[in-house]
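The structure appears right after this line, and notes come after that.
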Amino acid sequence: LTFGNVAWIGQRCQKQPSTNTATLALVNTMSGFVRPRPGICMFTRYRRPLRWSSRRSAISASVSRLRTRDIRSEASGEDGIMSATRERYSDVGFSGLPPAKLSHGPAMVEPVSYNGVSSMNPTLIDLFAGCGGLTEGFRSQGFEPVFAVEWDPAAATTYAQNFGNHVFCADIGEVRKSDVPYADVVVGGPPCQGFSQLGTRDPHDPRNTLWLEYARIVGHVRPQVFVLENVPRFLKSGQFEMLVDWTQPGGPLEDYELDCGVLNAADYEVPQRRKRAIVIGSRIGAPKLPEPTRGKEADRPWIGLRDAIGDIPFQPGPSQLPDRHLDDGTPGPFKAHELHLSRNPRPLSLQRYDAVPPGGGRFDLPDELLPACWANKPTGTTDVMGRLEWGRPALTIRTEFFKPEKGRYLHPEWDPEEPERRVNRPITHWEAARIQTFPDDFVWCGTKIQIAKQIGNAVPVRLAAALASHIRSSLLEEPCLTSS
């Protein structure tokens, strides 16, 4: 994807007005910024605003004054601001950012060149990698990870501790073509809060344009296959419509065929009902989503929580992580059993926990235990203060699974006849990682809160493994793999 594709995108925009917003976001991204509101420039960062820099302000300010129709007309000709930008930053590619000093996290996760890697196994790049749920699933099926990008230093450190020193810890908009090696498969889950039911659902949310950076790297690497993961609403967005357009003749990704759908992780050996949008693109054959191995379609029951966490002791350990740090000060690495952390709830909270049976929630609380906010809201939020069930999968594990007031996170052990046998606590970090199907030999870095975010934001490992196995067997196991 280069500046030369802007003209094509502009022409498509004239034919499909519904893509105007996404196209404007694309052009803004190519000129170095995404502007959510006047006075703030995000530079494709989704976690914190960044003030104008003297290095980029001239080109960004010029483009920001153009209307959408002006941008389209400038993009379709050889003169104008986009042509000048293309000439000035021709080495940068899609994002339009000049070479910049990278703000890396821990020294151990500085980028490492893997160009020219030779391996008998198919190679993998993970973008928006987080702690590496997708990578772990693909690695379990014989893929060799060679490069990853993750903005958050704690998550990047967890990734590096498990997969090696090839994670680029910086804003993905700062990744240059020279940083990225070839790989057979590119995977990634761009931040989904802008699309999520629990997020703002704002079509102008700057996080919604980060998938463009994913597309930029796919366009440069030209892998055999790419996999994009997001929330189900992504498939109904203008951004997805643009992605489909790009695979049409004359588009930046015209070599790729797509297949997409919403997969329930519980259908793929995961003890969790977690629905995710999956898009598979292939330039070596027509892609298809993997067939379920559990659930109604497979005529096999889902995996329940007893099989997932039944062997973990009911009594958790200390409330704090061990006092262990890496040389750069990052807490960790910690083994899985060290994440079996206790909490110190108030007596009132313990009474509430005790009143909720398996499958129940806040509506099972007696009036004297109801907080005012729930007493005054007789409908909705049915899962808060909910208790899990041994024989069924969990609901979606989110980043605050350690707070029962945030969802159905109470431990499933509850005896109606013997109250002393009830486990009145939320699931621990170890149990949440198990529900996300991380193996026990996976190590973790960061504070308790940081590790919880890594667990909740990850793609379930077994869902990733199902995708990896299907892609390898149906698409990649051809006579040979080449980087052509």
> Roughly how far apart are T158 OG1 and F442 CZ, rounded to 0.5 Å?
Replying inline: 6.5 Å

> What distance do I427 atom CD1 and F402 atom CZ have between them, rounded to the nearest 0.5 Å?
Replying inline: 11.0 Å

> Taking the side chain from R294 and the backbone from A266, do they hold a donor-acceptor pair closer than 3.5 Å?
Replying inline: no

> Hey, does V270 have a side-chain heavy atom less than 4.5 Å from the side chain of W302?
Replying inline: no

> Ignoring hydrogens and geometry, is there a side-chain-to-backbone donor-acceptor pair from K448 to H429 under 3.5 Å?
Replying inline: no

> Less than 4.0 Å between a side-chain N and a carboxylate O, is that true for D255 and R222?
Replying inline: yes

> Is the side chain of T123 donor-acceptor paired with the backbone N or O of D184 at a distance under 3.5 Å, no angle test?
Replying inline: yes

> At their closest point, which heavy atom of G132 faces which heavy atom of Y159, and how far apart are they?
Replying inline: CA-CD1, 3.8 Å

> At their closest point, which heavy atom of I397 faces which heavy atom of A432, and how far apart are they?
Replying inline: CG2-CB, 4.2 Å

> So, do C445 and L326 sit near enough that their side-chain heavy atoms are less than 4.5 Å apart?
Replying inline: yes

>> Return the CG to CD1 distance between L467 and I278, rounded to the nearest 0.5 Å.
In response: 5.0 Å

>> With a 4.5 Å cut-off on side-chain heavy atoms, are I312 and H340 touching?
In response: yes

> Just wondering, do D267 and E297 contact through their side chains at under 4.5 Å, heavy atoms?
Replying inline: no

> Does a salt bridge link R139 with E136, judged by any charged N lying under 4.0 Å from a carboxylate O?
Replying inline: yes

> Which heavy atom in P287 sits nearest to a heavy atom in D259, and how many Å separate them?
Replying inline: O-CB, 3.4 Å

>> Nearest 0.5 angstrom please: Q436 CD to F401 CZ, how far?
In response: 9.0 Å

> In this structure, which one of L258, L228, V225 forms a side-chain contact (heavy atoms from CB on, under 4.5 Å) with I280?
Replying inline: V225

> Any idea which heavy atoms bring L475 and A286 closest together, and the distance?
Replying inline: CD2-O, 3.9 Å

> Given T396 and Q272, is the side chain to side chain contact (heavy atoms under 4.5 Å, CB included) satisfied, shown in steps?
Replying inline: CA-CA 6 Å; T396 300; Q272 180 186 176; 4.2 Å; yes

> Should T399 and I449 be marked as a side chain to side chain contact (heavy atoms under 4.5 Å, CB included) after you check the CA-CA gap, both sets of side-chain angles, and the distance that decides it?
Replying inline: CA-CA 8 Å; T399 59; I449 299 296; over 6 Å; no

>> Counting neighbours of CD on E254 that are heavy atoms of other residues, nucleotides or ligands and sit closer than 6.0 Å, is the number greater than 12?
In response: yes

> Looking only at heavy atoms, what is the nearest atom pair of P181 and D179, with distance?
Replying inline: CD-O, 3.7 Å

> When you measure from the side chain of H470 to the backbone N and O of K288, does any donor-acceptor pair fall under 3.5 Å?
Replying inline: yes

> CG/L243 to SG/C260 distance, rounded to the nearest 0.5 angstrom?
Replying inline: 9.0 Å

> Is the closest side-chain heavy-atom distance between P223 and Y256 below 4.5 Å?
Replying inline: yes

>> Using only atom types and a distance under 3.5 Å, with no angle test, would you say the side chain of Y268 pairs donor to acceptor with the backbone of P290?
In response: yes

> For A465, does its backbone N or O pair with a side-chain atom of S469 as donor and acceptor, under 3.5 Å?
Replying inline: no

> Checking side chain to side chain contact (heavy atoms under 4.5 Å, CB included) for the pair W430/H337: CA distance, chi angles, key distance, verdict?
Replying inline: CA-CA 6 Å; W430 185 13; H337 69 86; 3.9 Å; yes

> Taking the side chain as C-beta and beyond, is there a heavy-atom pair between C131 and I455 under 4.5 Å?
Replying inline: no

> By ring pair (Phe, Tyr, Trp, His ring centres under 6.0 Å), which residues pair with F240, not counting sequence neighbours?
Replying inline: F234

> Can you tell me if N264 uses its side chain to pair, donor with acceptor, with the backbone of R273 under 3.5 Å?
Replying inline: no

> Tell me, do V180 and F168 make a side-chain contact under 4.5 Å, heavy atoms counted?
Replying inline: no

> Does a donor on one side chain sit under 3.5 Å from an acceptor on the other, for E269 and T437?
Replying inline: no

>> In the structure I gave you, are the side-chain heavy atoms of F163 and V146 within less than 4.5 Å of one another anywhere?
In response: no

> Rounded to the nearest 0.5 Å, how far does CG of L263 lie from NZ of K275?
Replying inline: 11.0 Å

> Between Q248 (side chain) and D245 (backbone), is there a donor-acceptor pair under 3.5 Å?
Replying inline: no

>> How close do V167 and A160 get, counting heavy atoms only, and between which atoms?
In response: CG1-CB, 3.9 Å

> Would you find a donor on one side and an acceptor on the other, under 3.5 Å apart, between the side chain of N121 and the backbone of F143?
Replying inline: no

> Does Q141 reach the main-chain N or O of G137 with its side chain, forming a donor-acceptor pair under 3.5 Å?
Replying inline: no

> For F128 and V149, what are the C-alpha separation, side-chain angles and deciding distance, and is it a side chain to side chain contact (heavy atoms under 4.5 Å, CB included)?
Replying inline: CA-CA 6 Å; F128 307 99; V149 181; over 6 Å; no

